[in-house]
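Computed from heavy atoms alone, side chains included, the values below leave out hydrogens, waters and symmetry copies. Letters A, B, ... mirror the listed sequences (proteins, then strands); counts begin at 1.
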2 protein chains.
Amino acid sequence: MTEPRWLDDREQCAWRAYQHMQRDLAAALERQLTRDSALSGADYELLVVLSETEGHRLRARELRNAVRWDRSRLAHQVRRMENRGLLRRTECETDARGTMVELTDAGRAAIEAAAPGHVETVRRYFVDLLDAEETATLRAVAERVVRRIHADDEEC
Amino acid sequence: MTEPRWLDDREQCAWRAYQHMQRDLAAALERQLTRDSALSGADYELLVVLSETEGHRLRARELRNAVRWDRSRLAHQVRRMENRGLLRRTECETDARGTMVELTDAGRAAIEAAAPGHVETVRRYFVDLLDAEETATLRAVAERVVRRIHADDEEC
DNA sequence: CAAATAATGCTGACGTGTCAACAACCCGGT
DNA sequence: ACCGGGTTGTTGACACGTCAGCATTATTTG
């Protein structure tokens with residue numbers, strides 16, 4: 001049990017700044033979405049994937065792989081969105097266990113109405129605030145962090 | 001209603017990488033905390049502030065300012081943590097509306113036990129993965145984003 | 001001083017995410 | 001053909017965060 005390596009001022013500042021950004025940015029995006037489109041970030045994620053898919057339908061498993069969600073989270077979310085008319089569930093022909101998730105016209109309309117405002121907000125609060133070098137740095141850092149976490153995940 | 005300025009490949013990659021990092025990093029930290037210390041990130045936040053405070057007690061309003069939470073979020077969280085014996089509520093002598101929140105011995109023990117492992121995880125998945133220049137860039141970017149969001153908040 | 005206004009903290013209702021358990025189904029080996 | 005293990009999706013219980021509304025108390029204003 002050795003003495004922990006605490007963060008020095010420089011590290012602590014960066015870490016706190018990141019935490020602050022992540023929190024406020026997520027809140028700002030969520031607020032804009034619900035205010036202008038009556039959609040949550042989770043709604044938006046699913047709608048984007050489905051709207052970019054040929055035929056606007058995907059098997060639940062594929063949808064899960066695309067957004068990397070938990071089984072039950074997807075089930076709950078899909079049920080709620082189905083109740084609101086944004087999408088529809090159908091049986092899967094090739095596998096009786098499966099469920100197909102399909103975009104409704106209302107869902108398509110919702111995502112098309114929401115997308116421009118959302119992208120504009122992403123630009124305003126993030127993308128347009130970084131120059132090319134900062135963007136590259138941030139991307140490199142983010143990919144490094146993700147790889148590290150995934151590497152640890154698999155070894156256990 | 002003009003055509004929206006969609007993200008180009010470079011921008012989209014950086015944005016998605018950031019989203020991916022923020023998600024996996026938050027999940028990894030939360031997992032480590034609950035696994036090794038039976039604390040949530042929210043628990044940890046409150047405990048850190050209280051443990052760094054002279055006397056280990058703070059008025060609820062001050063605690064709220066420190067962590068920048070909603071009124072009711074703090075009330076719920078404090079109630080739950082009080083039930084678990086991590087902290088204790090007392091009346092405020094100088095203002096009959098106020099509530100003092102005070103760290104218990106169990107709460108102090110919990111944060112002291114949790115801190116080393118948490119810091120180690122922050123290093124492993126974030127701080128130690130960045131060199132000095134990247135750290136500085138990230139901090140500058142984060143502060144810029146936060147300022148932008150706050151500026152928009154106040155003008156409305 | 002009295003009334004209006006603001007601030008503080010609490011609660012209940014609701015939507016969301018996680019966890020464990022479950023039923024239905026596919027596929028492999030024997 | 002059948003049994004056993006893996007997969008798929010669903011559900012219920014629970015913890016958490018947000019919102020609107022409330023009671024209580026300070027503070028301002030006339």
- [ ] Would you mind reading off the distance between L74(A) atom CG and dT11(D) atom C1', rounded to a whole angstrom?
- [x] 14 Å
Open item on the list: Between C1' on dC19(D) and CD on E30(A), what's the gap in Å once rounded to a whole number?
Closed with: 14 Å
Open item on the list: Just the rounded figure in Å: distance from P of dA15(D) to CG of L86(B).
Closed with: 14 Å
TODO: Starting from P on dT7(D), measure out to CD on E62(A) and report it in whole angstrom.
DONE: 15 Å
Task: Salt bridge flag under 4.0 Å for residues R148(B) and D152(B) - done: yes
Open item on the list: How would you summarise protein contacts on nucleotides 13-20 of chain C per nucleotide, using B for base, S for sugar-phosphate only and - for none, with heavy-atom distances below 4.0 Å?
Closed with: ---SSBBB
TODO: Among dG9(D), dC10(C), dC25(C), find the nucleotide with the atom closest to the side chain of R71(B).
DONE: dC10(C)
TODO: Could you check whether the rings of H118(A) and Y44(A) sit parallel, tilted or perpendicular, using 30° and 60° as the cut-offs?
DONE: tilted
Open item on the list: Students often get this wrong, so: under 4.0 angstrom with heavy atoms, is A96(A) touching a base, only sugar-phosphate, or nothing?
Closed with: sugar-phosphate
Task: E112(A): partners by side-chain hydrogen bond (donor to acceptor under 3.5 Å, both in side chains), with sequence neighbours left out - done: R108(A)
- [ ] Between D95(B) and R79(B), name the one whose nearest nucleotide on DNA chain C is closer to the 5' end.
- [x] D95(B)
Please tabulate, one pair per line, all N/O donor-acceptor pairs under 3.5 Å involving side-chain atoms of residues 61-75 of chain B, not counting sequence neighbours.
from, atom 1, to, atom 2, distance (Å)
D70(B), OD2, S72(B), N, 3.2
D70(B), OD2, S72(B), OG, 2.8

Open item on the list: Considering every strand and a 4.0 Å limit on heavy-atom distances, what is the contact class for R31(A): base, sugar-phosphate, or nothing?
Closed with: nothing
TODO: For A60(B), report the nucleic acid contact type (base, sugar-phosphate, nothing); a contact means any heavy atom under 4.0 Å.
DONE: sugar-phosphate
Task: More than 12 heavy atoms of other groups within 6.0 Å of D131(A) CG - done: yes
TODO: Flag the pair D9(A) and R16(A) as a salt bridge only when some basic side-chain nitrogen lies within less than 4.0 angstrom of an acidic carboxylate oxygen.
DONE: no
Open item on the list: Under 4.0 Å from OP1 or OP2 of dT27(D): is there any side-chain N or O of R97(B) that close?
Closed with: no
TODO: Rounded off to whole Å, could you give me the CG-to-P distance for the L39(B) and dA15(D) pair?
DONE: 15 Å
Task: Nucleotide dG9(D), atom C1' - distance to CZ of R64(A) in whole Å - done: 9 Å
TODO: May I ask you to evaluate whether R89(B) reaches the phosphate of dC10(C), defined as a side-chain N or O under 4.0 Å from OP1 or OP2?
DONE: yes
TODO: Classify the ring geometry between Y18(A) and Y18(B) as parallel (under 30°), tilted (30 to 60°) or perpendicular (over 60°).
DONE: perpendicular
